[in-house]
Amino acid sequence: MFVMPSGVGWIEVICGPMFSGKSEELIRRLRRAQIARQPLQAFKPKIDDRYHAEQIVSHSAVSIDARPVADCAELARLIRADTRVVGVDEAQFFDDDLVPLVERLARSGVRVILAGLDQDYTGAPFSPMPQLLSVAEQVTKILAICTRCGGPAGRSQRLTAAAEQVEVGAGDSYEARCRRCHDPRAEPTTAELF
Ligand code: ADP
Ligand code: ZN
């Protein structure tokens, strides 16, 4: 990790499949900014009208306070003038307006750290992540462990039959798989569901 002079904004992206540790890594970086007493704000998308905990929580149960926001406009409105570090989890759930927003923040001297899925369950690029990867100064792609073979896993296997790109609130319906073990067209078997 480079050490940037304070006041120089930039964009970091943490990407990979589900269970790869994206939220953990985002939380780790935000905690270190807290230790350095840098004013920070963390956000996550409100993906429907259900209750949202005001926290980013990893699968390994580490957490940090975060504000759920409906869209990029709400996120932009909530940024405080003194904020030096902005964290965004589940960046793939925002629309393309996230790209100019984080570029504007970086230009104004904010360190922006985004975590999100770079691929959907079919293995296709998950917008706006490809654009964010392009404009970022630093990209970290992490792999999970394939639940089938134990190898490094870059893909998220959907275990249900839903066809939408995003199946909201269905964290249990996915698992990490490597390229060889991933099957985007797989019909779930009972064994995979339970
Ligand atoms: P992500 O945000 O990428 O979905 P999290 O940061 O929430 O990932 O969780 C990562 C943690 O999930 C790991 O540290 C590990 O404890 C746990 N985990 C569960 N299943 C797997 C897997 N198949 N591969 C790697 N880590 C896993
Ligand atoms: Zn595998």
Side-chain angles (χ1 to χ4, degrees), residues 1 11-34 40 42-48 50 52-69 85-94 98 102 112-130 132-133 136 138-160 162 164-189 191-194:
M1 176 78 56
I11 299 169
E12 294 164 40
V13 177
I14 304 161
C15 67
M18 290 186 71
F19 300 102
S20 59
K22 301 181 300 297
S23 300
E24 259 173 15
E25 178 59 20
L26 173 64
I27 293 166
R28 190 185 73 86
R29 293 184 195 181
L30 293 175
R31 285 249 176 277
R32 290 168 63 96
Q34 272 177 338
L40 74 85
F43 298 95
K44 64 181 200 177
K46 225 187 246 178
I47 34 195
D48 55 23
R50 290 168 312 160
H52 283 87
E54 304 240 326
Q55 280 180 329
I56 295 166
V57 184
S58 77
H59 290 108
S60 51
V62 293
S63 65
I64 196 162
D65 291 347
R67 177 77 179 254
V69 289
V85 180
V86 168
V88 181
D89 200 14
E90 307 278 17
Q92 78 280 354
F93 287 139
F94 289 92
L98 188 59
V102 299
V112 185
I113 316 170
L114 303 137
L117 291 168
D118 50 351
Q119 297 172 21
D120 66 15
Y121 75 99
T122 70
F126 206 150
S127 268
M129 294 300 287
L132 293 168
L133 294 168
Q138 198 214 26
V139 173
T140 305
K141 178 154 176 164
I142 38 183
L143 299 174
I145 306 299
C146 176
T147 50
R148 276 275 168 91
C149 72
R155 308 233 164 156
S156 307
Q157 177 73 48
R158 180 175 282 180
L159 302 176
T160 63
E164 299 82 39
Q165 188 179 32
V166 179
E167 200 189 350
V168 171
D172 295 348
S173 316
Y174 295 89
E175 62 185 31
R177 296 272 182 93
C178 72
R179 188 186 291 276
R180 226 176 20 168
C181 298
H182 179 253
D183 183 355
R185 297 145 305 152
E187 285 297 319
T189 63
E192 282 173 326
L193 286 172
F194 298 99

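Remember, it's a predicted structure, so these values are computed and weren't measured experimentally. Hydrogens, waters and symmetry mates are skipped; everything else that's a heavy atom, side chains included, is used. Both ligands and their constituent atoms are indexed starting at 1 by order of listing.
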Under 4.0 Å from a heavy atom of His59: give me the atoms of ligand 1 that qualify, with their elements.
4 (O), 5 (P), 7 (O), 8 (O), 9 (O), 12 (O)
Which option wins on minimum heavy-atom distance to atom 6 (O) of ligand 1: Glu25, Arg148, Glu24?
Glu24
Measuring from Ile27:CD1 to Ile14:CD1, what's the distance to the nearest 0.5 Å?
10.0 Å
Within a distance of under 4.0 Å, is there any protein heavy atom near atom 27 (C) of ligand 1?
yes
For ligand 1, which atoms sit closer than 4.0 Å to a heavy atom of Ser60?
16 (O)
If you measure from NZ on Lys44 to CD on Gln55, what distance do you get to the nearest 0.5 Å?
7.5 Å
When only distance counts, is Gly21 in polar contact with ligand 1, meaning an N/O pair under 3.5 Å?
yes
To the nearest 0.5 angstrom, please state how far the CZ atom of Phe126 sits from the CZ atom of Phe93.
5.5 Å
Is there at least one pair of N or O atoms, one from Ile145 and one from ligand 1, spaced under 3.5 Å apart?
yes
Result of checking Lys22, Lys141, Gln92 against Asp118 for side chain to side chain donor-acceptor pair (under 3.5 Å):
Lys141
Is any N or O atom of Phe19, backbone or side chain, closer than 3.5 Å to an N or O atom of ligand 1?
yes
Enter the distance from Gln157:CD to Glu175:CD here, rounded to the nearest 0.5 Å.
7.0 Å
So the angle subtended at the Zn ion (ligand 2) by Cys149 atom SG and Cys146 atom SG, rounded to 10 degrees, is 110°
Protein residue, atom and distance nearest to atom 3 (O) of ligand 1, heavy-atom basis:
Lys22 NZ, 2.7 Å
Which atom names give the shortest non-hydrogen contact between Cys178 and Ala153, and what distance separates them?
N-CB, 3.7 Å
Provide the number and element of each atom of ligand 1 under 4.0 Å from a heavy atom of Pro17.
3 (O)
Hey, what do you get for CG (Leu159) to OG1 (Thr147), rounding to the nearest 0.5 Å?
7.5 Å
Are Ala115 and ligand 1 in contact, using a heavy-atom cut-off of under 4.0 Å?
no
Numbered atoms and elements of ligand 1 in range of Ser58, under 4.0 angstrom, heavy atoms
5 (P), 6 (O), 7 (O)
Residue pair Gly150 / Ile145: nearest heavy atoms and the distance that separates them
O-CG2, 3.7 Å
What I want to check is whether the side chains of Arg28 and Ser23 have a donor and an acceptor closer together than 3.5 Å.
no
The Zn ion (ligand 2) and Cys178: any N/O/S contact shorter than 2.8 Å?
yes
